[in-house]
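Heads up: the structure comes next, in structure tokens.
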Amino acid sequence: MDTKERTLVLLIGGLTDGAVAHRLGVSERTVERYVRALMDGAGCRNRMQLGRYAALAGLPAHGPEPVPRPRTLDRETRRLLELMLADSGATAPRSLHLSRRSVERRIGDLMTLAGARSRVQLGWLVTRWGWL
């Protein structure tokens, strides 16, 4: 497993860029460059899409997977997830008629519901659990 792939596996496990950098013995800036290279290589525009890509590629998480939560997603939350995991993630606030701050709050709520500690992990979990 190369360093970029190890970086992705650690991010799927919910580690922060700083924690991944410490674990790999590189700078946080290097981890950010690895993430950008992974996103570019996978054609992803955000970290949630990178997590989805990793789940579809069959990459496992580092550490225990959070226990799946019930699938009680309201229509607006489901639509937000669809937009964030599609190429139209940047247009989510306009499409949902919400402020960017409201979108961020909803993503935070969704991360709490899923037990995710990062957007990469959230994208991985949502895909893995079949929430969409």
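In this chain, residues are counted from 1 in sequence order.
To the nearest 0.5 Å, atom NE2 of residue H22 and atom CG of residue L15 are 10.5 Å apart. Going from atom CG of D17 over to atom OG1 of T7 covers 9.0 Å, rounded to the nearest 0.5 Å. Taking CD1 from I107 and CG from L122, the interatomic distance works out to 8.0 Å, rounded to the nearest 0.5 Å. Put simply, CG on L80 and CE on M48 are 7.0 Å apart, with the number rounded to the nearest 0.5 Å. With rounding to the nearest 0.5 angstrom, the CG atom of L81 is 4.5 Å from the CG atom of L110. With values rounded to the nearest 0.5 angstrom, L11 atom CG is found 8.5 Å from L38 atom CG.
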Side chain to side chain donor-acceptor pair (under 3.5 Å) between T3 and R6, intermediate numbers included: CA-CA 5 Å; T3 308; R6 286 181 56 214; 5.1 Å; no

Assess whether side-chain contact (heavy atoms from CB on, under 4.5 Å) is satisfied between L56 and R52, documenting all intermediate values. CA-CA 6 Å; L56 294 173; R52 180 177 180 80; 4.1 Å; yes

Give the intermediate values and the outcome of salt bridge (charged side-chain N to carboxylate O under 4.0 Å, His left out) for residues R119 and E104. CA-CA 11 Å; R119 287 180 186 229; E104 292 299 321; 2.2 Å; yes

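Minimum interatomic distance between C44 and Y53 (heavy atoms only, all atoms of both residues): SG-CB, 4.0 Å. Between A116 and L125, the shortest heavy-atom contact is CB-CD1, 4.0 Å. When all heavy atoms of Q49 and R45 are compared, the closest pair comes out as OE1-N, 2.5 Å. Annotation for R117 and M111: closest pair C-CE, 3.6 Å, computed over non-hydrogen atoms. For the residue pair P60 and I12, the shortest heavy atom distance occurs at O-CD1, 4.3 Å. For the pair M39 and L50, the tightest heavy-atom approach, listed with the atom from each and the gap, is CG-CD2, 3.8 Å.
Side chain of R78 to backbone of W131: a donor-acceptor contact under 3.5 angstrom is found. Judged by distance alone, with hydrogens and angles left aside, the side-chain atoms of W124 form a donor-acceptor pair with the main-chain N or O of L59 at under 3.5 Å.
By the 4.0 Å N-to-carboxylate-O rule, R79 lies too far from E76 to be salt-bridged with it. A salt bridge links D40 to R36: one of the charged nitrogens lies within less than 4.0 Å of a carboxylate oxygen. Between R47 and E32 there is no salt bridge, since no side-chain nitrogen of the basic residue lies less than 4.0 Å from a carboxylate oxygen of the acidic one.
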